[in-house]
Amino acid sequence: MHKKRAIWWAIALAAASSMMAQDYGKSTRPAPKFEADPSWPKIPNGWVLGQVASAAADEQDNIWVLHRPRVVRPDQKTGPPVMEFDSKGNYIQGWGGPDTASAYDWPQSEHGIYVDYKGYVWIGGSGNEDQILKFTKAGKFVMQIGHGGHKKTNRDTENFWKPADVFVYPKTNELFVADGYGNRRIIVFDADTGVYKRMWGAFGNVPVDSLAPIPQEGQANPASGEGRGADLMRIPAKEIDPKDPGPQQFDIVHGVKVSNDGLVYVSDRGGKRVQVFTVEGKFVAQVFIDRWCESPRGSNLFCGSGDTAASTAFSADPGQRFLYVASRSPARIWVFDRKTLQPLDSFGRPGVAPGEFYVLHHMTADSKGNLYASEVEDGRRIQKFVFKGIVSGPVK
């Protein structure tokens with residue numbers, strides 16, 4: 001399967017490059033194109049989805065969806081928090097939830113799901129006392145990392161504080177956790193034993209607990225320059241020096257993916273950036289995502305919470321040539337050259353129609369190159385974007 005996929009991608013890339021050279025000159029670049037599939041998935045039993053926190057593709061290209069049944073209205077029917085669908089959108093099975101938990105603690109707020117190369121399903125939660133859980137595909141409990149009731153600190157090597165996402169890197173059999181909403185770090189464990197390995201913060205710095213408090217609306221915050229309203233020390237996004245590297249600590253560590261060549265891509269949602277590291281935590285590069293986007297208290301009243309980089313995914317070719325970044329508030333998915341971090345294209349806009357986004361959250365890709373994007377708040381859906389090939393378009 002991998003050999004056929006590699007041949008297919010090589011032909012597609014060669015064709016796109018040839019087209020660009022012959023017809024478009026230097027003003028175009030090849031980039032993947034997608035088309036929304038409004039028929040995917042087929043939700044059974046008259047169920048409705050709660051906020052769809054995350055999705056993951058397994059080795060059979062089945063898609064695992066993690067949603068939040070507890071936010072569904074009492075007059076509506078819903079299914080279990082973990083749902084498995086095939087590539088055509090047919091429901092296969094579902095399991096999980098607080099009523100099924102006995103030897104483990106189900107998350108207070110479902111947030112991240114991932115299926116590893118051994119077929120285990122990992123689930124994390126963003127509640128104040130949440131942790132990471134490991135299951136078989138049938139929903140049999142395997143392991144819990146972290147417990148509630150502990151002091152919340154980045155120095156803790158056994159527990160989390162609102163962990164947002166997980167990823168298992170096959171070459172080292174390590175679990176990478178984006179920890180998260182409370183802590184400000186990437187923390188790594190052995191995926192079999194749960195033993196702590198290492199951690200790091202933005203730029204590879206040691207993550208710290210004490211940062212300048214976020215000011216209330218209208219208050220000044222000279223220490224951070226991040227105030228809003230009447231804060232005379234705030235620097236509007238349009239005035240930020242392009243060479244400014246941004247804060248030395250993460251804001252919301254919302255997503256983590258590891259490429260086949262051993263690079264860790266961290267989605268710093270509140271920091272509006274993706275940072276790249278080696279698997280050992282050495283900083284490599286960063287790219288800002290829609291840095292102009294400000295919260296309603298700033299100068300732009302049409303950019304939601306002001307958060308952007310929510311999640312990443314890779315193209316399905318063996319070299320993972322393209323990096324996809326979900327930009328939350330601007331409601332679009334960016335396409336980058338993964339190695340150079342040069343933007344190539346973007347698609348999507350705010351809305352509820354197919355192909356539009358209402359609070360874009362997490363993202364995954366299957367082996368055929370299709371993308372799956374989840375939406376929270378009132379979005380409450382997952383959309384499939386069918387890969388239509390690589391074509392040439394204008395340079396962004």
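Note that this is a predicted model, so its numbers are computed, not measured.
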Q. Phe314 pairs by ring-ring contact (aromatic ring centres under 6.0 Å, His included) with which of Phe336, Phe322, Tyr265?
A. Tyr265
(Q) Closer than 3.5 angstrom, by distance alone: can the side chain of Arg273 be matched with the main-chain N or O of Pro245 as a donor-acceptor pair? (A) yes
**Q.** Ring geometry between Phe34 and Tyr324 (parallel below 30°, tilted from 30 to 60°, perpendicular above 60°)
**A.** perpendicular
Q) Do the non-hydrogen side-chain atoms of Asn173 and Tyr117 ever get within less than 4.5 Å of each other? A) yes
Q: May I ask you to test the Leu133-Gln131 pair for a side-chain heavy-atom distance under 4.5 Å?
A: yes
Q. Hey, what's the ring geometry for Phe135 with Trp95, parallel, tilted or perpendicular (30° and 60° as the breaks)?
A. tilted
Q: Evaluate side-chain contact (heavy atoms from CB on, under 4.5 Å) for His111 paired with His361, printing each intermediate quantity in order.
A: CA-CA 9 Å; His111 200 277; His361 200 246; 3.2 Å; yes
Q: Please answer whether the main-chain N or O of Gly255 pairs with a side-chain N or O of Ser311 as donor and acceptor at a distance below 3.5 Å.
A: no
Q: Verify, without hydrogens or angle tests, whether Asn205 (side chain) and Ala202 (backbone) share a donor-acceptor contact under 3.5 angstrom.
A: yes
(Q) Just by distance, no angles: are the side chains of Asp105 and Gln144 close enough, under 3.5 Å, to form a donor-acceptor pair? (A) yes
Q. For atom OH of Tyr104, is the number of surrounding heavy atoms from other residues, nucleotides or ligands below 6.0 Å larger than 12?
A. yes
Q.
Between Asp165 and Arg269, does the salt bridge (charged side-chain N to carboxylate O under 4.0 Å, His left out) criterion hold? Intermediate values first, please.
A. CA-CA 12 Å; Asp165 196 22; Arg269 198 180 84 182; over 6 Å; no
Q.
Looking at Gln383 and Glu356, would you say the former's side chain and the latter's main chain have a donor-acceptor pair under 3.5 Å?
A. yes
Q | Val359 vs Asp378, side-chain contact (heavy atoms from CB on, under 4.5 Å): CA-CA, chis, key distance, verdict | A | CA-CA 8 Å; Val359 195; Asp378 285 345; over 6 Å; no
Q) Does a salt bridge link Asp337 with Arg29, judged by any charged N lying under 4.0 Å from a carboxylate O? A) no
Q. Linking I/L/V/M/F/W/Y whenever any side-chain heavy atoms sit under 4.5 Å apart, do Val386 and Ile382 land together?
A. no
Q) Considering only heavy atoms from C-beta outward, does the side chain of Phe176 approach that of Val166 to under 4.5 Å? A) no
Q.
Using the ring centroid of each side chain, check whether Trp40 and Tyr372 are separated by less than 6.0 Å.
A. yes
Q | Residues, nucleotides or ligands: over 12 heavy atoms within 6.0 Å of Lys88 NZ | A | no
Q. Are side-chain heavy atoms of Ser109 and Arg68 found at a separation under 4.5 Å?
A. yes
Q: Would you indicate whether Lys339, at its atom NZ, is surrounded by more than 12 heavy atoms from other residues, nucleotides or ligands within a distance under 6.0 Å?
A: no
Q) Going from CD1 on Ile63 to OG on Ser374, what distance comes out if it is rounded to the nearest 0.5 angstrom? A) 12.0 Å
Q | Residue pair Val188 / Trp200, side-chain heavy-atom distance below 4.5 Å | A | yes
Q: Using a strict cut-off of less than 4.0 Å between a Lys/Arg side-chain nitrogen and an Asp/Glu carboxylate oxygen, indicate whether Lys151 and Asp209 qualify as a salt bridge.
A: no
Q. With the threshold set at 4.0 Å, does a side-chain nitrogen-carboxylate oxygen contact exist between Lys33 and Asp345?
A. yes
Q) Between atom CG of Asp307 and atom OG of Ser267, what is the distance when rounded to the nearest 0.5 Å? A) 11.5 Å
Q) Is a side-chain donor or acceptor of Ser126 paired with a backbone partner of Ala164 at a separation under 3.5 angstrom? A) no
Q | Flag if over 12 foreign heavy atoms under 6.0 Å of CZ, Arg349 | A | no
Q: Let me see the working for Asp86 and Ile92 under side-chain contact (heavy atoms from CB on, under 4.5 Å), right down to the final yes or no.
A: CA-CA 7 Å; Asp86 67 19; Ile92 298 175; 4.0 Å; yes
Q: Decide whether Asp130 and Trp161 meet the rule of one side-chain donor and one side-chain acceptor closer than 3.5 Å.
A: no
Q. Is the shortest distance from a Lys or Arg side-chain nitrogen in Arg338 or Asp317 to a carboxylate oxygen in the other one below 4.0 Å?
A. no
**Q.** Approximate separation, where rounding is to 0.5 Å, of Lys134 NZ and Phe141 CZ
**A.** 10.5 Å
Q) Which value, rounded to the nearest 0.5 Å, describes the distance between Asp116 atom CG and Glu59 atom CD? A) 9.0 Å
Q | Main-chain N/O of Cys293 paired to Asp290 side chain as donor or acceptor, under 3.5 Å | A | no
Q.
Looking at Lys282, I want to see if its NZ is surrounded by more than 12 non-hydrogen atoms of other residues, nucleotides or ligands under 6.0 Å.
A. no
Q. Is there a donor-acceptor contact under 3.5 Å from the side chain of Glu294 to the main chain of Ala237?
A. yes
Q.
Does either side chain, that of Glu84 or that of Asn62, offer a donor lying less than 3.5 Å from an acceptor on the other one?
A. yes
(Q) Can you confirm whether Asp179 sits close enough to Met199 that some side-chain heavy atom of one is under 4.5 Å from a side-chain heavy atom of the other? (A) no
Q) Taking atom CD of Glu158 as the centre, does the number of heavy atoms from other residues, nucleotides or ligands within less than 6.0 Å exceed 12? A) no
Q. Would you say Gln275's side chain and Phe283's backbone share a donor-acceptor pair under 3.5 angstrom?
A. no
**Q.** Side-chain donor-acceptor contact under 3.5 Å, Thr340 with Gln342
**A.** no
Q | Arg380 side chain to Val71 backbone, donor-acceptor under 3.5 Å | A | yes
Q. Heavy atoms, side chains only, cut-off 4.5 Å: are Thr308 and Trp334 in contact?
A. no
(Q) Does Lys152 form a salt bridge (charged side-chain N to carboxylate O under 4.0 Å, His left out) with Glu129? I'd like the steps, not just the answer. (A) CA-CA 9 Å; Lys152 306 301 188 293; Glu129 300 293 336; 3.1 Å; yes
**Q.** Tyr181-His254 side chain donor-acceptor pair, cut-off 3.5 Å
**A.** yes
Q.
Just verifying a value: how many Å separate His362 NE2 and Thr312 OG1, rounded to the nearest 0.5 Å?
A. 9.0 Å
**Q.** Donor-acceptor under 3.5 Å (Gln249 side chain, Val206 main chain)
**A.** yes
**Q.** Side-chain heavy atoms of Pro30 within contact of Arg321, under 4.5 Å
**A.** yes
Q: Treating Ile, Leu, Val, Met, Phe, Trp and Tyr as nodes and any side-chain heavy-atom pair under 4.5 angstrom as an edge, say whether Phe277 and Phe189 lie in one connected cluster.
A: yes
(Q) With a 6.0 Å cut-off on the ring centroids, do Phe385 and Phe357 count as close? (A) yes
Q: Measure the CZ-CZ distance between Phe203 and Phe250 for me, rounded to the nearest 0.5 Å.
A: 8.5 Å
Q) Where do Phe387 and Ser315 land on the side-chain contact (heavy atoms from CB on, under 4.5 Å) test, with the steps shown first? A) CA-CA 10 Å; Phe387 174 65; Ser315 57; over 6 Å; no
